[in-house]
Every structure is written in C-alpha cells, then in structure tokens.
Amino acid sequence: MASKPAVVLLSGGVDSATAAAIAKQQGFDLHALTVDYGQRHRRELESAARVAAWLGARRHLVIDLDLRAIGGSALTDPAIEVPKGRQTQAMAASIPVTYVPARNTIFLALALALAETVDSEDIFFGANQLDYSGYPDCREAFIRAFEAAANLGTRAGVERGKRITVHTPLIAMTKAEIIKTGLRLGLDYGQTWSCYDPAPDRPCGACDSCRLRAKGFEEAGLVDPLLHR
C-alpha cells in the first residue's frame, strides 16, 4: 500500500528537521515546503535542502515570498538589530524583535494549500512552546485554531469530508528531548542551521536561537556537530 502524503514545513533548523524525521519514521511520504521570505539568515535555506534530500522527500518546494516588504522584524529588516546574549527567562518574557509578523500563519496557509493539491490530510510543523523565543504563533492554542479554520475553509474539509491535522510532535518537548529524538532517528544536526545573525557562515553563538540550541545540546550532554565541522 502506498504511503500517505504529508506536507512538512522545513526551515532547516533543529525543530523542523526533527519534526520531518518523525513524519518519515511514521511512514509518511514527505512533501517538504521551505519559504524564502527574505530572511537575513539565508544559510538556513541550504540546510533545508540538505535535510530534505537526506529524508528522501518526494518533493522539496521552495516558495519565494519576500516579507521584507512588510518588515517589522529583525529577521527581515537589516536596520533592526538581532538581540544578543539574552537569558532564557528574558526570551520567554515578551515577544522579541525577531518575531516576523504572521509568519507561521502564512507558512501554515501555504502548507495547507500544498496539502490540498497533493491530497494530504497531514501537515507537520515543528512548533515548540517550552524552549521557544516568546513567539505567539508557536503555541498549541494558535495551532489548534488554525487547524479548525483549515477544516472550515478548504474544499478538502467541506466537500470531501477530509480532516486536516496539523501535527506538532515537538510541542511539549524541551530542546534536549528534541535533539535526542532526532539523533535516535539518525539525523545529522551538523546539516541544520539555527543562527539568526551569521557572520559570514558561522553561528554568532549569542542570538536567542543560538543560545537555545546550545542549551539543548548541553542539557542533552552532547556536542553540537555544527560547531565542529
């Protein structure tokens, strides 16, 4: 019997790569989706391609959608500095300037459109609400609300009786648990990318994303292979 298709949002980072590996382990036929939105850390696009190839994705679709036109984020506006050296408590205390307005809403909408065209009922999204940088669109409540809207506003949901599910297998994991899970599935995290402000092709080690990654590897008792290539 043919494997069921699933759309996986793949940024090239630790979380999205692990969520995609979980989808593969569960037997899904992967359609990877990456968005080139004008992010300053464009190195992650290369990592997404490498991870998709390693996973044996049936397709890796890269959509160009330049969110620099909207702005409002340190990831799309070079005039806004990326915060450095913040403690974990400070990261989760408020929404940081690295938040890209409506990014995950947009990404999930694109994943939903692709899911309809490949006749899939399953979207995998590496959202996490424990070790996260205060982003409101990584929370369970938001994701379940989007899922409900997806089933109300698509042909698949209304006419075909399909039930679109947004899978968030990492939602309640710590970063250390995520990393251990990925390693059990054979992931090479040296192929992933997390840094928001690389210079030029090395992680800065100080932005929120770098610090959360470092915290995850440290708590897992492991060495980050990205730093030892």
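Computed over heavy atoms, backbone and side chain alike; hydrogens, waters and symmetry mates excluded. This structure is a prediction, so every number in the text was calculated from the model and none was measured. Numbers for residues simply follow the sequence, beginning at 1.
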Next item on the list: May I ask you to test the C204-K84 pair for a side-chain heavy-atom distance under 4.5 Å?
Entry: yes
Notebook entry, point to check: Hey, is CD on E140 packed in by over 12 heavy atoms from elsewhere, all under 6.0 Å?
Noted result: yes
Notebook entry, point to check: Quick one: does T34's side chain have a donor or acceptor within less than 3.5 Å of a partner on L10's backbone?
Noted result: yes
Notebook entry, point to check: Would you call F217 and P225 a side-chain contact if the rule is heavy atoms closer than 4.5 Å?
Noted result: yes
Notebook entry, point to check: Does a side-chain heavy-atom distance below 4.5 Å link Q129 with I143?
Noted result: no
Note to self: By the definition side-chain contact (heavy atoms from CB on, under 4.5 Å), identify the one residue from L170, I178, N128, L226 that meets it with V14.
What the structure shows: I178
Next item on the list: Start with the C-alpha gap between K175 and D15, add the side-chain angles, then the distance that decides, and say whether salt bridge (charged side-chain N to carboxylate O under 4.0 Å, His left out) holds.
Entry: CA-CA 8 Å; K175 191 69 78 177; D15 294 350; 3.0 Å; yes
Note to self: Strictly below 4.0 Å, N to O, side chains only: are E177 and K180 in salt-bridge contact?
What the structure shows: no
Item checked: Neighbour count above 12 (heavy atom, 6.0 Å) for R50 CZ -> yes
Margin query: Quick check: do C210 and Y196 have side-chain heavy atoms less than 4.5 Å from each other?
Written below: no
Next item on the list: Check side chain to side chain donor-acceptor pair (under 3.5 Å) between T168 and all other residues, then give those that pass, not counting sequence neighbours.
Entry: none
Next item on the list: Identify whether the distance between the nearest side-chain nitrogen and carboxylate oxygen of R211 and E218 falls below 4.0 Å.
Entry: no
Next item on the list: Return the set of residues passing side-chain contact (heavy atoms from CB on, under 4.5 Å) with Q26 (not counting sequence neighbours), or none when no residue passes.
Entry: I22, F28, F124
Checklist line | Check: D208 main-chain N/O paired with R86 side-chain donor or acceptor under 3.5 Å | finding: no
Next item on the list: Please tell me if the side chains of D137 and L108 come closer than 4.5 Å, counting only heavy atoms from C-beta onward.
Entry: no
Next item on the list: Output yes when a side-chain donor or acceptor of R43 lies under 3.5 Å from a complementary backbone atom of D197, and no otherwise.
Entry: no
Notebook entry, point to check: Quick check, are the ring centers of F107 and Y37 under 6.0 angstrom apart?
Noted result: yes
Margin query: When you measure from the side chain of T76 to the backbone of G38, do you find a donor-acceptor pair of N or O atoms at a distance under 3.5 Å?
Written below: no
Check: Is the backbone of S16 close enough, under 3.5 Å, to the side chain of S11 for a donor and an acceptor to pair up by distance?
Finding: no
Next item on the list: Please step through side-chain contact (heavy atoms from CB on, under 4.5 Å) for the pair E147 and T165, ending with a clear verdict.
Entry: CA-CA 6 Å; E147 184 181 77; T165 300; 3.7 Å; yes
Check: Where the side chain of S3 meets the backbone of G27, is there a donor-acceptor pair that is under 3.5 Å apart?
Finding: yes
Next item on the list: Indicate yes or no for a side-chain donor-acceptor contact from S73 to the backbone of L75 under 3.5 Å, with no hydrogens or angles considered.
Entry: yes
Checklist line | Of all pairs that satisfy salt bridge (Lys or Arg N to Asp or Glu O under 4.0 Å), the ones with a partner from residues 101-125, not counting sequence neighbours | finding: K4-D122, D119-K162, E121-K162
Check: Do L45 and Q39 have side chains that get closer than 4.5 Å, going by heavy atoms?
Finding: yes
Next item on the list: Might you point out which heavy atoms bring C138 and N104 nearest each other, and give the distance in Å?
Entry: SG-ND2, 3.7 Å
Notebook entry, point to check: Tell me, do V166 and R144 make a side-chain contact under 4.5 Å, heavy atoms counted?
Noted result: yes
Check: Can you find a pair of side-chain heavy atoms, one from W54 and one from L187, that are under 4.5 Å apart?
Finding: yes
